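Worksheet for the structure shown next.
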Amino acid sequence: MPGADGPRKEAPGGEKPLAGAKIVGLHTTITAQTAVLMETLAALGAQCRWAACNIYSTLNEVAAALAESGFPVFAWKGESEDDFWWCIDRCVNVEGWQPNMILDDGGDLTHWIYKKYPNMFKKIKGIVEESVTGVHRLYQLSKAGKLCVPAMNVNDSVTKQKFDNLYCCRESILDGLKRTTDMMFGGKQVVVCGYGDGEGCCAALKAMGSIVYVTEIDPICALQACMDGFRLVKLNEVIRQVDIVITCTGNKNVVSREHLDRMKNGCIVCNMGHSNTEIDVVSVTPVRPVATPELTWERVRSQVDHVIWPDGKRIVLLAEVRARGGIGISWEFWDHPTTEAGKAPRSASPTVPSSPKRFPVLVPEDGDCAPATLSMEKYPLKSILNLPSPT
Ligand SMILES: NC(=O)c1ccc[n+]([C@@H]2O[C@H](COP(=O)([O-])OP(=O)(O)OC[C@H]3O[C@@H](n4cnc5c(N)ncnc54)[C@H](O)[C@@H]3O)[C@@H](O)[C@H]2O)c1
């Protein structure tokens with residue numbers, strides 16, 4: 001991971017630009033990439049405590065290795081909802097230590113601190129947010145006049161938009177579907193909701209021979225989908241015939257109970273988005289508070305559930321419709337957003353005065369190409385483009 005790893009090597013003479021930073025992270029899942037980011041932050045002088053933003057994607061061996069090397073990490077694969085909040089609380093609520101920086105992915109950590117420990121914001125210098133969902137939530141706080149520290153929107157950094165949201169999703173959607181269902185893609189009818197990071201999903205599925213429909217609410221993104229050769233539809237038009245439904249909108253209740261009722265037997269339902277609220281999974285849950293006794297659930301393998309209707313129809317839910325079937329992203333391109341997230345605390349570190357500007361604070365434009373430039377070491381592009389060395 002040349003991007004996330006790089007700053008360690010660059011810091012001249014063991015310089016510690018993050019000395020004094022106490023970072024609490026709910027950044028991505030606990031994978032090797034996150035481990036490299038944490039090691040880099042620590043090498044630059046920061047203290048870190050970490051939990052995972054997704055209850056399914058933690059690699060237990062990485063979490064164990066981090067814990068063994070002294071990082072306080074609270075995460076394991078297959079946490080319950082209660083475990084998830086317990087882990088966040090253990091990161092934040094510790095005697096004799098208070099965070100002064102938040103690295104968040106989805107906004108749950110920021111909201112937990114606002115709800116439970118608002119006084120901590122007296123010491124917090126800034127929030128770094130990774131995902132579009134978390135950025136939406138920050139805007140809501142900002143509009144309500146409750147955002148009291150600068151926030152950095154890593155989601156809108158050029159490399160996150162151009163690489164993670166397109167190329168990572170292009171690869172990880174196939175990986176997630178293949179690993180969980182072992183399905184063939186050729187000839188399958190797929191509807192992708194949202195043509196943001198959905199663009200990558202659509203491209204991958206089309207290349208594999210699937211027939212891809214797109215739903216959109218934004219006219220520009222809708223037009224882009226058309227220009228790329230996809231059939232723009234309303235979900236209702238195709239819901240009875242599709243083999244796979246994928247949501248990547250960042251929005252709520254895009255797939256309703258009515259849609260789930262109308263899907264055909266064997267339809268696979270998968271969410272690329274950060275939160276499991278894009279699909280109304282609660283309405284088909286067998287447990288309280290919304291018990292649906294007419295439906296039964298059968299766990300067929302890890303992260304794959306069948307929801308069975310009274311007539312025998314089965315819908316295949318991946319990872320209880322949490323992101324990407326709980327599968328990780330290739331380390332190569334995940335290096336870019338990880339690097340942006342790692343750079344952000346440096347610019348908002350306690351040694352730098354807080355920006356008087358509130359929210360949003362974007363990742364600086366001039367640094368944006370640095371992760372890509374570092375990655376280019378392994379592609380024959382750097383000399384051709386005559387690029388300067390990244391700073
Ligand atoms: N799994 C991953 O690897 C990965 C990577 C990047 C982003 N994400 C997640 O994917 C989601 C989308 O992220 P993004 O960066 O593409 O956001 P985005 O805002 O760029 O794109 C979302 C698109 O969905 C459209 N949309 C919103 N509501 C809709 C609806 N009801 N029906 C149809 N379309 C609708 C929007 O118009 C927009 O074009 C977020 O939850 C984000 O966290 C996941």
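Counting starts at 1 for both ligands and their atoms, following the listed order. As the structure is a computational prediction, the values presented were derived from the model and not from experiment.
- Using modelled atom types, one side-chain atom of Trp297 and one backbone atom of Val284 make a donor-acceptor pair closer than 3.5 Å.
- At least one N or O atom of Met272, backbone or side chain, sits closer than 3.5 Å to an N or O atom of ligand 1.
- Heavy-atom distances between Cys168 and ligand 1 stay at or above 4.0 Å for every pair.
- For ligand 1, the atoms lying closer than 4.0 Å to a non-hydrogen atom of Cys221 are 39 (O).
- Of all heavy-atom pairs between Ile173 and Cys270, the closest is CD1-SG, 4.1 Å.
- The backbone and the side chain of Thr215 each have at least one atom closer than 4.0 Å to an atom of ligand 1 (non-hydrogen atoms only).
- The atoms of ligand 1 that sit less than 4.0 Å from any heavy atom of Gly196 are 16 (O), 20 (O), 21 (O), 23 (C).
- Within ligand 1, counting atoms from 1 as listed, the ones closer than 4.0 Å to a heavy atom of Thr133 are 40 (C), 41 (O), 43 (O).
- Heavy-atom contacts of Cys169 reach the following atoms of ligand 1: 2 (C), 3 (O), 4 (C), 5 (C) (cutoff under 4.0 Å).
- Residue Ser172 has no N or O atom closer than 3.5 Å to an N or O atom of ligand 1.
- Side-chain contact check for Phe121 versus Ile102: some heavy-atom pair is nearer than 4.5 Å.
- When non-hydrogen atoms are compared, ligand 1 lies under 4.0 Å from the side chain of Asn251 (C-beta onward) but not from its backbone.
- With 3.5 Å as the limit, one finds no donor-acceptor pair spanning the side chains of Asn253 and Ser256.
- Residues Gln33 and Thr31 have side chains that bring a donor and an acceptor to within less than 3.5 angstrom of each other.
- Within the 3.5 Å criterion, the main-chain N or O of Ile211 finds no donor-acceptor partner in the side chain of Lys188.
- Atoms of ligand 1 found under 4.0 Å from any heavy atom of Ser131 (numbered from 1 in listed order, with element): 43 (O).
- Looking at Glu216 next to ligand 1, an N or O pair under 3.5 Å apart turns up.
- Shown in contact with Cys248 at under 4.0 Å from a heavy atom are these atoms of ligand 1, numbered in order with element: 12 (C), 22 (C), 24 (O).
- Those atoms of ligand 1 that come under 4.0 Å of a heavy atom in Asp218, given as number and element, are 37 (O).
- Checked by atom type and distance alone, the side chain of Arg262 never pairs as donor or acceptor with a backbone atom of Ile239 at under 3.5 Å.
- Here the side chain of Asp261 pairs no donor or acceptor atom with the backbone of Glu258 at under 3.5 angstrom.
- Counting heavy atoms only, Ile217 comes closest to atom 27 (C) of ligand 1 of the residues Ile217, Asp105, Leu235.
- Between the side chain of Glu130 and the main chain of Val154, no donor-acceptor pair closer than 3.5 Å is present.
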